[in-house]
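Notes follow the structure.
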Amino acid sequence: MKDFKYYAPTEVIFGKNSEEQIPALLKKHGATKVLVHFGGGSAERSGLLPLIRTLLTQAGIPFRELGGVVPNPHLSKVREGIALCKKEGLDFILAVGGGSVIDSAKAISYGLCYDGDVWDLFCGKAELKAAAPVACVLTIPAAGSEMSEGCVITNDEDGQFLKRSCGGDPARCRFAVMNPERTYTLPAYQTACGITDMMMHTMERYFSHDDDMTITDALAEALLRTVMDLGPRVIANPNDYRLRAQVMWAGSLAHNDITGCGTTGDWGTHDLEHELSGMFDVAHGAGLAAIWGSWARYVRHENLTRFVQFAVNVMGVPNDFKDPDGTALRGIAKMEEFYRSIGMPTGITELIGREITNEEILEMAHKASNGGTSTLGNFKVLHEVDMVAIYCMAAKSK
Ligand code: NZQ
Ligand code: ZN
């Protein structure tokens, strides 16, 4: 078990009517003038935004609004938010939505504390040192941004659509309001994308070379089995509070690092996927499902024992002691079978609705490796040539 720091300072307010606590939470965390940041309309239609407007007005908390955040959130919207906050003297950002809205809010908060171009922080030209305070009202359990130190933004300004992350402790939400009832309106596809993403956040941490991980493994395996049990049931029963609540909390636990203590983590699948969702504007969770099986088959021999453990403890595959590779492969196939059962794609063709070209694969690998100068992942360190190979496997995968 490696040395680690565990830091999850976000105050979580979970349950029915939790929104009513927003004004008190804002005051407690020092907000004087708030930017309410949201997406494309779901929070308006559900009545959540009107409720927040009423609550803030009644509490005498001044606020301005900025909507229009798109999935795979754009840098241009971040700039709009930074300019608005500066012009209006806003000192606290309340994100109302999912990972895209929260990440857009986080990026605005970075820009308010950084003198240069905010994109510098995402392309490695500068380090994140401070951020204005951010909090969220979560409407989709998926990205885990409500408790994570991460933030992912797509640069829509130069035609490249590079999707890059920038995180650290300053990025963490001061509080997260989570009412499972707010997720009833999620379409089945978005629910499935969320289930896939939270599983992948756990699996990225699980596939490592670290030993003595009994407690962390047990947490991770329980989370994965639980989410696989809940997933199909919540899709079939979208208005079931007990199911929605458990899935919602699982999404936060999957990415607040409780399943990563003492491990290095891999994150290769995530980084490969960010090129897909940046370039083809697909949902992040669906992109992960489309690529994971190919990644897993490509890297499994780096630590076959780990894949056998996953197959047996998570996927319920009988252990064939004479054929560990067969056991590992059956575990990977069963994971893909699960993805398909909840409507997720397990190959790039299904993901983007057409065959990907060789040029597009080369372009993605080139971008993911920063022009062949950097690697991805830890379970197996991936060079540009490996990235091309995995994308090619996923292109052929059904
Ligand atoms: O824009 P609106 O109208 O709100 O619609 C959204 C959006 O179209 C809709 N939606 C959200 N809540 C809803 C709802 N529809 C009906 N009812 C509700 N209650 O769902 C769509 C997807 O929303 P989005 O915020 O994009 O989803 P998600 O939470 O999956 O976030 C994905 C983004 O997070 C990044 C991803 O790369 C992607 O850009 N990630 C962020 C991470 C982090 N900050 O730690 C880690 C993740 O690995 C991930 O990379
Ligand atoms: Zn993710």
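Note that ligands are numbered from 1 as they come in the structure, with each ligand's atoms numbered from 1 the same way. Treat the numbers as computed from the prediction; the structure is a model and nothing was measured.
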Nearest to atom 33 (C) of ligand 1 by heavy atom, Ser100, Ser165, Pro187, Gly287: which? Ser100

Take Lys77 and Glu80 through the salt bridge (Lys or Arg N to Asp or Glu O under 4.0 Å) test and state the conclusion after the steps. CA-CA 5 Å; Lys77 181 60 72 179; Glu80 212 181 316; 3.3 Å; yes

Where the closest heavy atom to atom 39 (O) of ligand 1 is concerned, which of His284, Lys163, Glu204, Met198 has it? Lys163

Ligand 1 versus Asn72: contacting region, heavy-atom distance under 4.0 Å: both

Could you check atom 35 (C) of ligand 1 against the protein and tell me its nearest heavy-atom contact, residue, atom and distance included? Asp103 OD2, 3.7 Å

At a 4.0 Å cut-off, with the gap strictly under it, does some heavy atom of His274 reach an atom of ligand 1? yes

Nearest heavy atom to atom 7 (C) of ligand 1, choosing from Pro141, Pro71, Pro73, belongs to Pro71

If I consider every N, O or S atom in His270, which one ends up closest to the Zn ion (ligand 2)? I only need its name. NE2

Could you check, using the six-membered ring where one of them is a Trp, whether His29 and Phe175 have ring centers closer than 6.0 angstrom? yes

With respect to atom 4 (O) of ligand 1, which of Ser42, Gly39, Gly167, Gly144 exhibits the smallest heavy-atom separation? Ser42

Residues Arg64 and Glu88 bridged, charged N to O under 4.0 Å: yes

More than 12 foreign heavy atoms under 6.0 Å from CG of Asp158: is that the case here? yes

Consider ligand 1: state whether an atom of it lies below 4.0 angstrom from any non-hydrogen atom of Ser277. no

Per residue Asp197, nearest N, O or S atom to the Zn ion (ligand 2) is named OD1

I'd like the name of whichever of His201, His255, Glu146 reaches closest to atom 48 (O) of ligand 1 through any heavy atom. His201

Would you call Glu336 and Lys398 a salt bridge, using N to O less than 4.0 angstrom? no

Electrostatic pair Lys380:Asp266 at N-O distance under 4.0 angstrom: no

Do NZ/NE/NH1/NH2 and the carboxylate oxygens of Asp169 and Lys5 come within less than 4.0 Å? yes

Find all atoms of ligand 1 within a distance of less than 4.0 Å from any non-hydrogen atom belonging to Gly40, and give their numbers and elements. 1 (O), 2 (P), 3 (O), 4 (O)

Worked check of ring pair (Phe, Tyr, Trp, His ring centres under 6.0 Å) between Trp292 and Tyr298: CA-CA 10 Å; Trp292 181 79; Tyr298 191 78; over 10 Å; no

Should the pair Lys367-Glu384 be classified as a salt bridge under the 4.0 Å nitrogen-to-oxygen rule? no

Give the table of side-chain donor-acceptor pairs shorter than 3.5 Å for residues 223-234, with sequence neighbours excluded, one pair per line with atom names and distance.
from   : atom 1 : to     : atom 2 : distance (Å)
Arg225 : NH1    : Asn313 : O      : 2.9
Thr226 : OG1    : Ala222 : O      : 2.6
Asp229 : OD2    : Arg233 : NH2    : 2.9

Quick check on contacts: which atoms of ligand 1 are under 4.0 angstrom from a heavy atom of Gly41? 3 (O)

among protein heavy atoms, the one nearest atom 34 (O) of ligand 1 is Ala143 CB, 3.5 Å

Considering Gln190, His270, Glu44, Arg45 one by one, which has a heavy atom nearer to atom 20 (O) of ligand 1 than any of the others? Gln190

Arg172 and Glu11 ion-paired at < 4.0 Å: no

Ligand 1 to Thr185, heavy atom cutoff 4.0 Å, flagged ligand atoms 16 (C), 17 (N), 18 (C), 19 (N)

For Ser148, the ligand 1 atoms with a heavy-atom partner under 4.0 Å come out as 43 (C), 44 (N), 45 (O)

